[in-house]
K.L.:
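Below is the structure I would like to discuss, written out as structure tokens.
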Protein chains: 4
Amino acid sequence: MIQFQCDYSEGAHPRILEALAKTNLEQSPGYGEDCYCAEAAGKIRALCGREEAYVHFVVGGTQANLLVIQAALRPWQGVLCASTGHIQAHETGAIEAGGHKVLPLPECEGKITAEQVEKAVQAHFADEAREHTVQPGMVYLSQSTELGTLYSRAELEGISRVCRENGLFLYVDGARLGYALASEANDLTLPQLAELCDAFTIGGTKQGALFGEAIVLTHPVLGKDFRYLVKQRGGLLAKGRLLGLQFGELLRDGLYFELAAHADRLALRMQQGFLDLGFPLYCQSLTNQQFVILPDGLLEKLAEGYRFSYQARVDGTHSAVRFCTSWATKEEDVEAFLRDLERLARREKQ
Amino acid sequence: MIQFQCDYSEGAHPRILEALAKTNLEQSPGYGEDCYCAEAAGKIRALCGREEAYVHFVVGGTQANLLVIQAALRPWQGVLCASTGHIQAHETGAIEAGGHKVLPLPECEGKITAEQVEKAVQAHFADEAREHTVQPGMVYLSQSTELGTLYSRAELEGISRVCRENGLFLYVDGARLGYALASEANDLTLPQLAELCDAFTIGGTKQGALFGEAIVLTHPVLGKDFRYLVKQRGGLLAKGRLLGLQFGELLRDGLYFELAAHADRLALRMQQGFLDLGFPLYCQSLTNQQFVILPDGLLEKLAEGYRFSYQARVDGTHSAVRFCTSWATKEEDVEAFLRDLERLARREKQ
Amino acid sequence: MIQFQCDYSEGAHPRILEALAKTNLEQSPGYGEDCYCAEAAGKIRALCGREEAYVHFVVGGTQANLLVIQAALRPWQGVLCASTGHIQAHETGAIEAGGHKVLPLPECEGKITAEQVEKAVQAHFADEAREHTVQPGMVYLSQSTELGTLYSRAELEGISRVCRENGLFLYVDGARLGYALASEANDLTLPQLAELCDAFTIGGTKQGALFGEAIVLTHPVLGKDFRYLVKQRGGLLAKGRLLGLQFGELLRDGLYFELAAHADRLALRMQQGFLDLGFPLYCQSLTNQQFVILPDGLLEKLAEGYRFSYQARVDGTHSAVRFCTSWATKEEDVEAFLRDLERLARREKQ
Amino acid sequence: MIQFQCDYSEGAHPRILEALAKTNLEQSPGYGEDCYCAEAAGKIRALCGREEAYVHFVVGGTQANLLVIQAALRPWQGVLCASTGHIQAHETGAIEAGGHKVLPLPECEGKITAEQVEKAVQAHFADEAREHTVQPGMVYLSQSTELGTLYSRAELEGISRVCRENGLFLYVDGARLGYALASEANDLTLPQLAELCDAFTIGGTKQGALFGEAIVLTHPVLGKDFRYLVKQRGGLLAKGRLLGLQFGELLRDGLYFELAAHADRLALRMQQGFLDLGFPLYCQSLTNQQFVILPDGLLEKLAEGYRFSYQARVDGTHSAVRFCTSWATKEEDVEAFLRDLERLARREKQ
């Protein structure tokens, strides 16, 4: 059984395990105050061109999201996002558990636009009874999105401008940021991203680490005393060194970007396979998540040898499903899949 | 300037002011442990035919809603409601501030159906990744709804059945319950309501009191230790007597229902006026809130003498607006309004 | 049975009831946006000499406390107060329900000192592991305190200085502020109080109103968007007019201060009675709450005709109890009490 | 520089690193639904003799504490604990951030007694105004405590009995449970612990794992839907396998208990060294944390070669400090320390 179900099925890139083994008996101060975290944070600041940015490492993405949003919002504020945004759809109400309403906007291929944000913000402040509704205080985006798509530089500039004109924070969830940056469709650099938003994450869990997300806070209001908040919400890892060490390794010699490029390339190989056989895409992703519409009968056959995830019913006989590649996906597994797909598709048609 | 903007513009029915004056220097125990609260609670239990129900009085509707929902839900649960539901649309995220996500469903004339609830609940529990999403734990309805419409007895029975089969609480926000019960379209009695749901409120603020909502908890789990919660959220009135006394007065000799019937009757008088002039209703309300679609030019003229509230833009030249009557609305004001409406409408057409 | 148990047994000063009756059928905008609230807020600003202060009216003291503290603190901050402080001792964890730890300091006669605050703050910031503990973000005082005592002007200046040097907000709970200002022991004016702290309340509930506390926010950070928060926590009264009207009446012609002076004078009359009979005071209060140590046998007899509240056991045969006067206390009731006390005390001794 | 500062300075026992390397490229389902978690949970249930217990793995101790307490308490309830309890002293108000007041009781050597708990609970329920104070809903203990001491079986039975008689949950924080179970002073077995409390944790972070705490819920009310809560608070590890695998390894062949016994033995070796030189203990610990009172001059010298942590000032020239051993402490480091201590102590006396 070969897994294309998600991008966190395996452990970590071997270099990370080697580094863990090599440093295992070193004695380090706890809670991220060690030299590995300092070094990794330094690398991230340099890559972003933001020497003054605050960098914190936490174990997971939901934790990163809830911490940044908690630090940013006043009690009566909420966070605008796509209706497919992870915080709206897949975090069990983590943001609401912190007291804040998520304010979903209709999405198109997993994205929202500057115009939508501007309209929502203006509608709120134009409302005479606005104090009876939740005030938008932040915009949350994912890059790449939950549907594998990308915000272009121009799109992000537009949203950033609206946020700054209206006093909203802009936060980019980068659980899959590597896959975005490595995509052939990408026109946004890390320093540009850092400049355009107030906070973002660099995902490790889905991109070669055992676990770990780097939180980068470029707005000074968000950074102040952030460690208190991390500790309070249970996110301060005792052996924080484990996080710094992993990011240090991923960011050395461009490994992080190499791994992402590998995954993106294999994903596009799969996409081409679907298109060659005439199967329509569910959305136009050029990153490691591919969404395709397949006949239910074919899906049943495929499920005997491959795991993938169900996205949505399209009509009485077709469904959209997701195939993920990752840093760990093997070329031969993709090839085997494409051969089986072609064979099964042909049989299906007969 | 005559107000049809809301149903809480005036003070209280004169009998309430008289009772306040008469008892002003009596010395009572604080925090609702006085004889007036006990008496009013007893009357409510009797009217509902639920001798074991817990009855609490609080000052306002948002407070009542957040308390009941806080008492009912586990931390990871949310509350299903119409997208027009007051808790979703007009309480500044009060439910989320208590940690719970509101789960809006598409509404039709302000209402949701048993089928919608069942589908949402089943979709949640059928989802393999359900622990990554908010679990529905309660259904919130308003009676009458925010659009003035009513749940019929059959509709409420359907929703109640789905809730009980699936372990959800059912809560009915009765900020305008009197106007519902007094409506000629109503087929639901107070004992039936009490039987079908686990908690509901009986609104005073909009129906003759200075302020006050009675919370009726028929499910024992909700009632236990509820007073702690009321105190904790700042809802325990020091001179609780003021609440009991008002409800006692409203529920004596059927005053509460008389006042509501008066408002409903005048509202239908206004509705007939709109229909006679050919103006379409925005929704079919038979209670004290009337929603009608009028030409923008006419609205501008009307606004010189009357206050009403804006609901929605319908097309380039028409808007939906709301007119409210209340226990305090004067027949002559309605008649004056209808005369002016007819005059202005005629001029408009020329 | 005569009540000295608390200062909120009765209704309101007759002038308030008259004003309610007189204005009952006026139509006002809701939620505090009426002319009565505007006028009362203006009076308060003028009395405080702070034209730019934000003034909001809410129904009760716990609500006022939780709102101000919620507006002031970052998520990881807590509030320093006396261990007898109302937020620590008698609000069912309302502050914690809002996410913030109360940080009690040992009290002396219900008060804490600038030195205590300074030491606590310095200890926190000197701690290398401070991010593992709650950061003090505010000091909460009550004036008069829960034990009837007063902060002198010099004491408040000291605490204010420490707060400002260390970036803490200073908040004064004035549920009994009138009784403090009217006390012969007081040397602090309202403008001085307003200058020294960042937020305070002016209590109505215990000082002549049916209900109501005025929140005065002199620090601009606290005032911004505060109404959203009031609505969110269920504190925005629909007929907000009722609050403005009551404060307007109390603050007209100095009524508020007259009523407080009346209560203080009768309280001192009672204190003198205790001292004349040789009963020691539990603490040195010169305001409307008197704490005295009496023999248990005598208390049992007194309880047949008077209600008062139990404070603490002092030894095997003596207890400390509290007697409250209020704006509504009758001189003849105090005289009757003192006669009974003397009679019973004499019999006790025999 | 040799570290005795804490018990989480190093990485993990080599067997854990080997297991991670060996399984690194296996493809597992995420979020703890893999075979390693299932196996480790099974082992824990068997060791506790509680086949029906719910077992969950999370990354850290603060997270475990906040999750269990959040699952257990109603909104108006608080948790009783020693004033030195980790949740009161060192978690940045994590419990309050979840809405619940921590109710500290005076401690003796880090412990509280059944009598204290009973008195606190009875005082609450006997109070007529109890609804104005936080209701005790749980007792939190640590085993071993923050001062290295142990609850005996009889002591825990006493507290358990009081809890059950009064409807409180009993939760034991076992961040250092191994060190407790392995102590020569211990008379409590794991099945007995599981029987006496409703929830407890088995610490991994400080006892041989890279990270990880096992949460064991023996009360069914706590277990239901707990995974939703873990996800919501950011505690559900994507590659949950990492937790199961580590616990599986630690619990195979008794490794967990061996490692703890090693640390306890070396700690007692240090204790004997202090006593031999006449230095008084700060408290009587027979586990891996040793608290001793030393002259400040000596501490300064020791600090040149060893790291330890400061506990408290004892008098003008003496302080209490903590020395920790762990599974990773080397016998030769302890011996070197004791030699240096003796040498420096002798010089100090001259």
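Predicted model only: the values in this text are computed from it and were never measured. Sequence lines set the chain letters: A, B, ... in the order given, protein chains first and strands last, and positions in each chain run from 1.
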K.L.:
Please classify the contact of Ala175(A) with chain D as side chain, backbone, both or neither, using a heavy-atom distance under 4.5 Å.
P.N.:
neither
K.L.:
So do Leu237(D) and Val59(A) actually touch side chain to side chain, heavy atoms under 4.5 Å?
P.N.:
yes
K.L.:
Where does Leu66(A) contact chain D at under 4.5 Å (heavy atoms): side chain, backbone, both or neither?
P.N.:
side chain
K.L.:
Which region of Leu17(A), side chain (C-beta onward) or backbone (N, CA, C, O), has a non-hydrogen atom less than 4.5 Å from a non-hydrogen atom of chain D, or is it both or neither?
P.N.:
side chain
K.L.:
So which of Gly60(A), Gly98(A), Ser28(A) has the largest heavy-atom pair count under 4.5 angstrom toward chain D?
P.N.:
Ser28(A)
K.L.:
Does Lys239(D) use its side chain to pair, donor to acceptor, with the backbone of Gly11(A) at less than 3.5 Å?
P.N.:
yes
K.L.:
Spell out, as yes or no, whether a donor-acceptor pair under 3.5 Å connects the side chain of Asn24(A) to the backbone of Glu10(D).
P.N.:
no
K.L.:
Please state whether the side chain, the backbone, both or neither of Leu25(D) comes within less than 4.5 Å of a heavy atom of chain A.
P.N.:
both
K.L.:
In terms of heavy-atom proximity below 4.5 Å to chain D, should Gln27(A) be classed as side chain, backbone, both, or neither?
P.N.:
both
K.L.:
Specify which of Asp34(A), Leu242(A), Leu210(A), Thr62(A) makes the most heavy-atom pairs with chain D at under 4.5 Å.
P.N.:
Leu210(A)
K.L.:
Between Tyr8(A) and Gly30(D), which heavy-atom pair has the shortest distance, and what is it?
P.N.:
CE1-CA, 4.4 Å
K.L.:
Please rank Glu26(A), Met1(A), Lys206(A), Glu18(A) by heavy-atom pairs under 4.5 Å with chain D and give me the top one.
P.N.:
Glu26(A)
K.L.:
Where on Phe211(A) is there a heavy atom nearer than 4.5 Å to chain D: the side chain, the backbone, both, or neither?
P.N.:
side chain
K.L.:
Which one of Arg233(A), Gln63(A), Gln232(A), Glu96(A) has the most heavy-atom pairs closer than 4.5 Å to chain D?
P.N.:
Gln232(A)
K.L.:
Between Thr23(A), Thr205(A), Leu20(A), who has the most heavy-atom pairs with chain D when the cutoff is under 4.5 Å?
P.N.:
Thr205(A)
K.L.:
Without swapping roles, check the side chain of Lys231(D) against the backbone of Ala94(A) for a donor-acceptor pair under 3.5 Å.
P.N.:
no
K.L.:
Please determine, among Gly99(A), Cys6(A), Pro29(A), Ala97(A), the option with the most heavy-atom pairs under 4.5 Å with chain D.
P.N.:
Ala97(A)
